[in-house]
Visitor: 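One structure follows; several queries about it will come next.
Fair warning: this is a prediction, and the values are worked out from it, not measured in the lab. Numbering starts at 1 and runs along the sequence shown.
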Amino acid sequence: MASQHPIPFNNTFARMPDYFYSLQAPTAVSTPESLAINHDLAITLGIDPDWLASPEGIATVAGNYLPAGAEPLASVYAGHQFGSYNPQLGDGRAILLGEVSTASGHRYDIQLKGSGPTPYSRGGDGRSPLGPVLREYIVSEAMFALGVPTTRALAAVTTGDQVVRETLQPGAVLARVASSHLRVGTFQYFSAQKNVDALRSLVGYTLQRHFPDALNSGNDAQALLRCVIKAQAELIAHWQLLGFVHGVMNTDNMLLCGETVDYGPCAFMESFHPDTVFSSIDQGRRYAYRNQPGIAQWNLACLAQAVLPVLADNEEAAVAIAQEAVDQFPGLFMEAHNRGLSRKLGLIEATDEDTALIEDLFSLMAEAKADFTLTFRHLADLAAPDSDSAKVGKIYTPPQSLAPWLARWQERLAADDVSPADRQQSMYRANPVFIPRNHLVAQAISAAEDGDLEPFHTLIARTAQPFTYDEADQPLATPAQADEEVRQTFCGT
Ligand code: AMP
Ligand code: MG
């Protein structure tokens, strides 16, 4: 028998003033069928996975059924897209069903992506093709397993309807979960509207929801700005440490809670090069790997600008507070990046004296086009070469040019009082061996388009354990062969 409250909704955003959103139900689809159900995440959210996999659960994800307590709405926001301001974007193909709060007190949005038009669709169909839904499912769940703050995938369904893009494609819907979908662009929208009441209530709401420890500092807007800047500095450092290129770091794609969002043209680098860009639409290379920290700071300056009216009573004081907060970004980023790099290199703490060692590694990797992920994993193997862990030697040979560097690194390791076995274990936890490589994602999507979901499920299962190598899964850890390489990705909206 169907439960009366299969999703334990407990909504707060729907209690905010109505100018924050438009009430909007999903538009039903023809014949929903399950692609994937995230069992563990369902349990975390207090949802019975068996219900989610039942016809009623699938109908819910498809937008064909509204469980009790859902208050579907589309939120409004603005944003700088590739540097140009768009005064009104909003959830054009996403609908917030509602929120749940877990036993541990954490609150999550449950959103349907691809669930039909909203007042913010701007001529779009509000739909999503199968490919982008599977890509987001794979990559967001891999990011979670890698320990990166991220939105997650609760479930995905096909709709039975075709979506018109350059070609006709099968339609799909993703149920996405985030600590909230409030973004830099949400503040920008209300700031441009000169709606100071909205800015004030949004500051209070966001601080209470995401950074409650920072309440009662005497200046909520300043506290929020500082918290978001710190969370983003840590997030971007995490991306850099994994060779992750987001691809579309518009201000509407930067969440205030500090989770990665919008898995459009994103990709993990294989051959390392700092100028790497995958997105087909990023002609100016604005969102290249090496630019990500600078772009994040630029976006955060937009946030600071947007909250100026509520930072202080007069503009001069507000600008000073905003500037002080934004200026913290480079230091916070460097600190997080350095901490992560120390772990990746097996050092207790990389100091200024290690700068040359680190820079030389990246230069050598770039020159040799070395695989980012396996180069670091190989270092972990070398930390205790005789240990009985499975090593990547069969799928990775370090470039010859790295040999002198490896000797310098080994010498540096000797200065730290850590046993090789402990160092190796800690390095294994910082250097994944399984990432969703682009060609594997592409293969999984194309098989699914032909009705074979097995590669998709295999990839999800393997990338859920990114730090543990098993030679049986060697093909899933191996870089693309020249003829498999995917150099360009598409938003696929
Ligand atoms: P994105 O590039 O995914 O961040 O999307 C930018 C804006 O375009 C957001 O407001 C989306 O909701 C909207 N959008 C993207 N694709 C569609 C679509 N197929 N239908 C309606 N709106 C869309
Ligand atoms: Mg977006």
Side-chain angles (χ1 to χ4, degrees), residues 131 134-135 137-148 239 241-245 263 265-273 276 278 289 344 361-362 364-385 387-403 406 424 427-450 452-489:
L134 296 182
R135 168 180 283 275
Y137 199 114
I138 296 166
V139 185
S140 66
E141 284 302 302
M143 290 285 269
F144 173 75
L146 289 163
V148 185
W239 291 358
L241 292 164
L242 292 166
F244 177 77
V245 182
Y263 290 91
C266 64
F268 285 86
M269 253 192 286
E270 296 203 281
S271 302
F272 175 70
H273 200 286
T276 302
F278 293 98
Y289 173 79
K344 284 180 88 71
L361 172 62
F362 283 106
L364 287 162
M365 282 168 65
E367 273 163 35
K369 300 190 165 57
D371 184 82
F372 185 95
T373 304
L374 292 186
T375 299
F376 281 104
R377 184 69 183 193
H378 177 64
L379 296 183
D381 286 347
L382 292 179
S387 68
D388 56 11
S389 60
K391 312 238 172 3
V392 296
K394 284 192 191 137
I395 54 171
Y396 175 81
T397 316
Q400 272 300 322
S401 57
L402 209 60
L406 289 172
Q424 181 168 65
M427 288 182 76
Y428 279 150
R429 288 193 295 274
N431 294 309
V433 62
F434 294 107
I435 50 155
R437 290 182 182 271
N438 304 325
H439 66 293
L440 299 174
V441 175
Q443 284 164 13
I445 290 171
S446 102
E449 286 169 344
D450 293 336
D452 177 10
L453 286 173
E454 203 190 308
F456 166 67
H457 286 293
T458 304
L459 189 54
I460 291 177
R462 193 52 272 193
T463 48
Q465 305 288 336
F467 300 107
T468 324
Y469 189 42
D470 178 344
E471 279 194 352
D473 292 321
Q474 189 172 303
L476 297 178
T478 306
Q481 305 297 308
D483 63 335
E484 292 175 320
E485 209 181 328
V486 176
R487 292 171 185 274
Q488 212 174 40
T489 53

Visitor: Name all residues meeting the side chain to side chain contact (heavy atoms under 4.5 Å, CB included) criterion together with Asn431; count only those two or more places apart in sequence or in a different chain, and write none if there are none.
Guide: Lys344, Phe376, Ala380, Met427

Visitor: Return the orientation label for the Phe272 and Tyr289 ring planes: parallel under 30°, perpendicular over 60°, tilted otherwise.
Guide: perpendicular

Visitor: Applying side chain to side chain contact (heavy atoms under 4.5 Å, CB included), can you list everything that pairs with Ala480, at least two apart in sequence or on another chain?
Guide: Glu270, His439, Glu484, Glu485

Visitor: Kindly write out the residues that satisfy side-chain hydrogen bond (donor to acceptor under 3.5 Å, both in side chains) with Gln424, not counting sequence neighbours, or none if the list is empty.
Guide: Ser387, Tyr428

Visitor: Under 3.5 Å, is there a donor-acceptor pair between the side chain of Lys369 and the main chain of Glu367?
Guide: no

Visitor: What heavy-atom pair brings Pro385 and Ala383 nearest, and what distance separates the two atoms?
Guide: CD-C, 3.8 Å

Visitor: So do Thr463 and Ile435 actually touch side chain to side chain, heavy atoms under 4.5 Å?
Guide: no

Visitor: Do you know which of Thr373, Ile395, Val392 makes side chain to side chain contact (heavy atoms under 4.5 Å, CB included) with His378?
Guide: Val392

Visitor: Around atom CZ of Phe144, are there more than 12 heavy atoms of other residues, nucleotides or ligands at under 6.0 Å?
Guide: no

Visitor: Donor-acceptor pairs under 3.5 Å, side chain of residues 465-477 to any protein atom, not counting sequence neighbours: which ones?
Guide:
{"unit_1": "Asp470", "atom_1": "OD1", "unit_2": "Ala472", "atom_2": "N", "d": "2.9"}
{"unit_1": "Glu471", "atom_1": "OE1", "unit_2": "Lys394", "atom_2": "NZ", "d": "3.1"}
{"unit_1": "Asp473", "atom_1": "OD2", "unit_2": "Arg462", "atom_2": "NH1", "d": "2.8"}

Visitor: I'd like to check Pro432 versus Leu242 (side-chain heavy atoms, cut-off strictly below 4.5 Å). Are they in contact?
Guide: yes

Visitor: Search all heavy atoms of Ala464 against all heavy atoms of Ala145 and return the closest pair with its distance.
Guide: O-CB, 3.6 Å

Visitor: Determine, step by step, whether Asp371 and Ser271 satisfy the side chain to side chain contact (heavy atoms under 4.5 Å, CB included) criterion, reporting the C-alpha distance in whole Å, the side-chain angles of both residues, the deciding distance to 0.1 Å, and the verdict.
Guide: CA-CA 4 Å; Asp371 184 82; Ser271 302; over 6 Å; no

Visitor: Would you say the side chain of Phe244 lies within less than 4.5 Å of the side chain of Phe372, judging by non-hydrogen atoms?
Guide: no

Visitor: Run the side chain to side chain contact (heavy atoms under 4.5 Å, CB included) test against Ala447 and tell me which residues pass, sequence neighbours left out.
Guide: Asp452, Pro455

Visitor: Answer yes or no: is there a side-chain heavy-atom contact under 4.5 Å between Thr489 and Arg135?
Guide: yes

Visitor: Which value, rounded to the nearest 0.5 Å, describes the distance between Tyr263 atom OH and Glu141 atom CD?
Guide: 9.0 Å

Visitor: So, taking the atom named SG in Cys266 and the one named CE in Met143, what distance separates them when rounded to the nearest 0.5 Å?
Guide: 7.5 Å

Visitor: Considering residues at least two apart in sequence or located in another chain, which fulfil the side chain to side chain contact (heavy atoms under 4.5 Å, CB included) criterion with Leu402?
Guide: Leu361, Leu364, Thr375, Tyr396, Pro398, Pro399, Trp405, Leu406

Visitor: So Glu449 and Leu134, do their side chains get closer than 4.5 Å, heavy atoms only?
Guide: no

Visitor: To the nearest 0.5 angstrom, please state how far the CG atom of Leu374 sits from the OG1 atom of Thr478.
Guide: 7.5 Å

Visitor: Taking everything shown except Asp388 itself, do over 12 heavy atoms lie less than 6.0 Å from its CG?
Guide: no

Visitor: Starting at CZ of Arg437, measure out to CG of Leu459 and round the result to the nearest 0.5 Å.
Guide: 11.0 Å

Visitor: Quick one: CD on Gln443 to CG on Asn438, what's the gap to the nearest 0.5 Å?
Guide: 11.0 Å

